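See below for the structure under consideration.
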Amino acid sequence: MTEPKFFITTAIDYPTSSPHLGHAYEKICADVIARFWRLKGARVHFSTGTDEHGLKIQRTAERMGKTPQQLVDEMSSQFRRMCEELGISYDDFIRTTEERHLAVVRELVGKLEEKGEIYRGRYEGFYCTECETYYSKEELVEGNCPVHGVRTEWVSEEGFFFRMSKYQERILEHLKRHPEFLQPESRRNEILRRLEAPLRDLCISRSGFSWGIPLPMEERYVLYVWVDALMNYLTTAGYPGPEFSRRWPPDLHLIGKDISWHHSVIWTSLLMALDLPLPRRIFVHGFITYRGEKLSKSKGITLDPLYFSRTYSPDALRYFLLREVSFGQDGSFSEEGLRTRLKEELIGTLGNLVHRVLTFTWNHFGGRVPEGAVDPQLEGEVASCAREVEKLLEEFRLHQALERVMMLAKAGNEYFQSKKPWEALKGRREEAAGCLFNCLNLVKALSVLLQPFLPFTSGKIAGMLKVEIRGWEQAKSFDLRPGHPIEKPQVLFRMVEPPVSPPPPLRAEDFERVDLRVAEVVEAERVPGSEKMLRLKLRLPEGMRTVMAGIGRSYTPEELVGRRVVLVANLEKKKILGVESEGMILAAGEREEGLSLIVPDRPVEPGTRVR
RNA sequence: AGCGGGGUGGGGCAGCGUGGAGUGCCCGCCGGGCUCAUAACCCGGAGGUCGGAGGUUCAAGUCCUCCCCCCGCUACCA
């Protein structure tokens, strides 16, 4: 089952602007897989990079008053920096403007032409200037662009074509015979359906702009950028050098769902035409969405991965994306969600376990792994966890794999709790020692299992344990021996204080819809069964209101009566602890304790509008 | 329009290829325990007709059919 090699690629990004979270997500997922296979002992080649030719690059550069080369140099280095900061362990960062790539593309295009895969033809269609796309007669809606509904222009010019249509059957056949070739299945179905319609030949020449690879046949044309871009996989594999045969074919192309067609049809047919082995798998991941919309440069919804990685930590960002998003589906990002997962899972579960175990060892056992016997049941749990995670990772179920790892951390906390070593310490020292011995081994296993997901954290844990992570199998046995020294424990994750309350811009009209009024508290009482909820009766000129307020840990009922508070008067009614609450009163503070009511600074009559 | 995906306790998600008690994860809510640990940890509880309607089956969230709602994709724009 263990493959001697694993060649994994991400899509190469089109650097018309800075990287956003979607780019980061893809690299992180690929990195997890690459790291996993390295741990398993495979000879990994992991490539990523930037796709730097094409009309859009040229236009963007012009608009910015730069040369295309300047633009791609700047942008590409940003993508590279993002990878560095996020701990992406790529082996090759390829840029399509590099000489090595140009040479490969020239050779391959020459080869295609030699084999008669390219012919001169006419490139015709109805051109819509809005979407810069050509349509066939059938696609037009009443003669207009199906997307924009505007008039289209008949264009006909000479160009070069790749005989893609002749591979239709072979592609279809391959997809049907190898279900694993294109995953997840939904994406495969999509392509299968679309292949039922006749495939057209692909026009691979472009004219009218110069930022691209000139066609060897006729230099006034440049190569269609997708052909150029896809061939990066051959370049990074070392084509046609000695490395090539050891790396090719790719074991996994990781791509976004917007480009599944290009990979499964255009790329596949190009490889067929070149008589090169096809990649083993193409895995299509989903998009990161934000507030229900996908991130997109054109809509201006971009999130800067470096902001999150620097504000929290690279591992916090990696963790959130990997854990929150179901691999293969879209997933939504929110800073709030990231903060929650950081606090509850990374700090509360993982950080706490590691810290309490190490600190205990440091304080009570002189910083050495204490004497103890392997608890076979716990070791068995750890080993089976490792096996399950392995299985899940092999199937690219990253989110489930990570969830499973975290369940082990949770199990560690339970174990520690149930053995109560802090009690055993008084009188039954060997028992406490045995507990810690096993817990330390569990933590060691965690550092191995976490390595693909959270490389920085994994490294910190391994460093504190003074162990070197060499391979996946290390996670399966309790081989930390008594007497082994550890380092002084340090905290793995910290909460970042300012909630940096993500300010969703609020329109003035929307704020106007909030009816804030001053109201007088006439009654206040505790609600049975809750320490924090108080039931208040508030007086407004038009009548009384019953409002539930979670301020019971900050105020006593007695001190509230007679005070004037600020009420959100038009809030939807809601049942709280069986009582219907007709509004909400305002108080400052994040926690339940130490809240401060917002009150009028000068005498104000109940009913007065607050604004 | 065609095709694809989704609709699971209050919120957010897994679970569905190989049907078997509504199982799991995170949050929120209620209560209890602990004090080794970054007020972190552990235990218990409330809460769901798994979008709707049929069907297959001894057994369906899981398979089939139809319907409703939401979201994507539609090839030379990377």
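Since the structure is predicted, the reported quantities are computational estimates derived from the model, not experimental observations. In what follows, chains are A, B, ... by sequence order, proteins preceding strands, each numbered from 1.
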* **B:C66 versus B:C26 - spacing of their C1' atoms, nearest Å** => 36 Å
* Asked: Are A:E158 and A:R120 close enough for a salt bridge, meaning some N to O gap below 4.0 Å?
  -> yes
* Hey, is B:G31 sitting syn or anti, using the within-90° cutoff around 0? -> anti
* Kindly express the pairing pattern of RNA chain B in dot-bracket notation, using | wherever a base pairs with another strand and counting only Watson-Crick or G-U pairs under 3.5 Å. => ((((((((.[[[[[)....(..]]]]].(((((.......))))).....[[[[[..)....]]]]])))))))....
* Compare all side-chain heavy atoms of A:F209 with those of A:E62 and state whether any distance is below 4.5 angstrom. => no
* **Sugar-phosphate only, base, or nothing, as touched by A:V491 at under 4.0 Å among non-hydrogen atoms** => base
* **Length of the line joining A:Q400:CD and B:C25:P, which is rounded to integer Å** => 13 Å
* **Whether A:Y221 and A:F160 hold their rings parallel, tilted or perpendicular, with breakpoints at 30° and 60°** => perpendicular
* Between B:G5 and B:C13, how far apart are the C1' atoms? Round to whole Å, please. => 16 Å
* To do: Check the angle between the aromatic planes of A:F162 and A:Y167 and answer parallel, tilted or perpendicular using the 30° and 60° thresholds.
  => parallel
* To do: Using the P atom as the reference point in each nucleotide, state the distance between B:G61 and B:G51 in Å, no decimals.
  => 10 Å
* Once you round it to whole Å, what is the distance between C1' of B:G17 and CD of A:Q183? -> 12 Å
* Of all the nucleotides listed (B:C36, B:C25, B:C16), which has the minimum atom distance to the side chain of A:R397? -> B:C16
* Between B:G24, B:G15, B:C41, spot the one nearest the side chain of A:Q417, thanks. => B:C41
* Have a look at A:G348 and say if it touches a base, only the backbone sugar-phosphate, or nothing, with a 4.0 Å heavy-atom cut-off. => sugar-phosphate
* Asked: Does the distance from a Lys or Arg side-chain N to an Asp or Glu carboxylate O, for A:K56 and A:D51, drop under 4.0 Å?
  -> no
* Asked: Expressed as a whole number of Å, how far does the C1' atom of B:G22 sit from that of B:G48?
  -> 8 Å
* **Ring centers of A:H263, A:Y233 separated by less than 6.0 Å** => yes
* **Interatomic distance where CH2 belongs to A:W261 and C1' belongs to B:C73 [whole Å]** => 12 Å
* Asked: For the pair made of NE2 in A:H399 and C1' in B:C25, what is the distance, rounded to whole Å?
  -> 10 Å
* On a whole-Å scale, what distance lies between the P atoms belonging to B:C42 and B:C34? -> 16 Å
* Asked: Distance check: side-chain N/O of A:K410 vs OP1/OP2 of B:C41, anything under 4.0 Å?
  -> no
* Could you tell me whether A:L199 contacts a base, only the sugar-phosphate backbone, or nothing, with contacts defined as non-hydrogen atoms closer than 4.0 Å? => base
* Under a 4.5 Å cut-off applied to non-hydrogen side-chain atoms, are A:M75 and A:E52 in contact? -> no
* So which nucleotide from B:C25, B:C26, B:A40 ends up closest to the side chain of A:R323? -> B:C25
* Using the C1' atom in both, what is the distance from B:C67 to B:U23, to the nearest Å? -> 29 Å
* Look at A:K419 and B:C42 and indicate whether a side-chain polar atom (N or O) is within less than 4.0 Å of OP1 or OP2. => no
* Asked: With a non-hydrogen cut-off below 4.0 angstrom, is A:P489 in contact with a base, only sugar-phosphate, or nothing?
  -> nothing
* Asked: Rounded to the nearest Å, what distance is computed from the CZ atom of residue A:F416 to the P atom of nucleotide B:A37?
  -> 9 Å
* Asked: In whole Å, what separates the P atom of B:U38 from that of B:G17?
  -> 45 Å
* Asked: Expressed in angstrom and rounded to an integer, what is the separation of A:L350 atom CG from B:C26 atom P?
  -> 13 Å
* Between A:T340 and A:T359, which has a closest nucleotide on RNA chain B that is more 5'? -> A:T340
* Asked: Among B:U38, B:C26, B:C41, which nucleotide sits nearest the side chain of A:I347?
  -> B:U38
* Structure fact -> Rounded to whole Å, the CD-C1' distance (A:E344 to B:G12) equals 14 Å
* Given B:C25, B:C26, B:C34, which nucleotide is nearest the side-chain atoms of A:E403? -> B:C25
* Asked: With a 4.0 Å cut-off on heavy atoms, is A:N413 in touch with a base, just the backbone sugar-phosphate, or nothing at all?
  -> sugar-phosphate
* So, do A:F360 and B:C36 meet the stacking rule of ring centres under 5.5 Å and planes under 30°? -> no
* To do: In whole angstrom, give me the gap between the C1' atoms of B:G15 and B:C50.
  => 11 Å
* Which part of the nucleic acid, if any, lies within reach of A:L492 when heavy atoms closer than 4.0 Å are counted: base, sugar-phosphate only, or nothing? -> base
* Take A:F161 and A:E395, find for each the nucleotide of RNA chain B with the closest heavy atom, and name the residue whose nucleotide sits nearer the 5' end. => A:E395
* Asked: How far apart are the closest heavy atoms of A:Q417 and A:W422, and which atoms are they?
  -> O-CH2, 3.9 Å
* **A:Y25 ring center near A:F287 ring center (under 6.0 Å)** => no
* Give A:D201 one of three labels, base, sugar-phosphate or nothing, depending on what nucleic acid heavy atoms sit under 4.0 Å from its own. => base
* Shortest side-chain distance from A:R200, nucleotide among B:A40, B:A75, B:U38 -> B:A75
* For the side chain of A:E423, counting heavy atoms from C-beta on, which of B:A75, B:G17, B:U35 is nearest? -> B:U35
* Asked: Is any side-chain N of the basic residue among A:E335 and A:R339 closer than 4.0 Å to the acidic one's carboxylate O?
  -> no
* Value in whole Å for how far the C1' atom of B:C43 lies from CD of A:E414 -> 10 Å
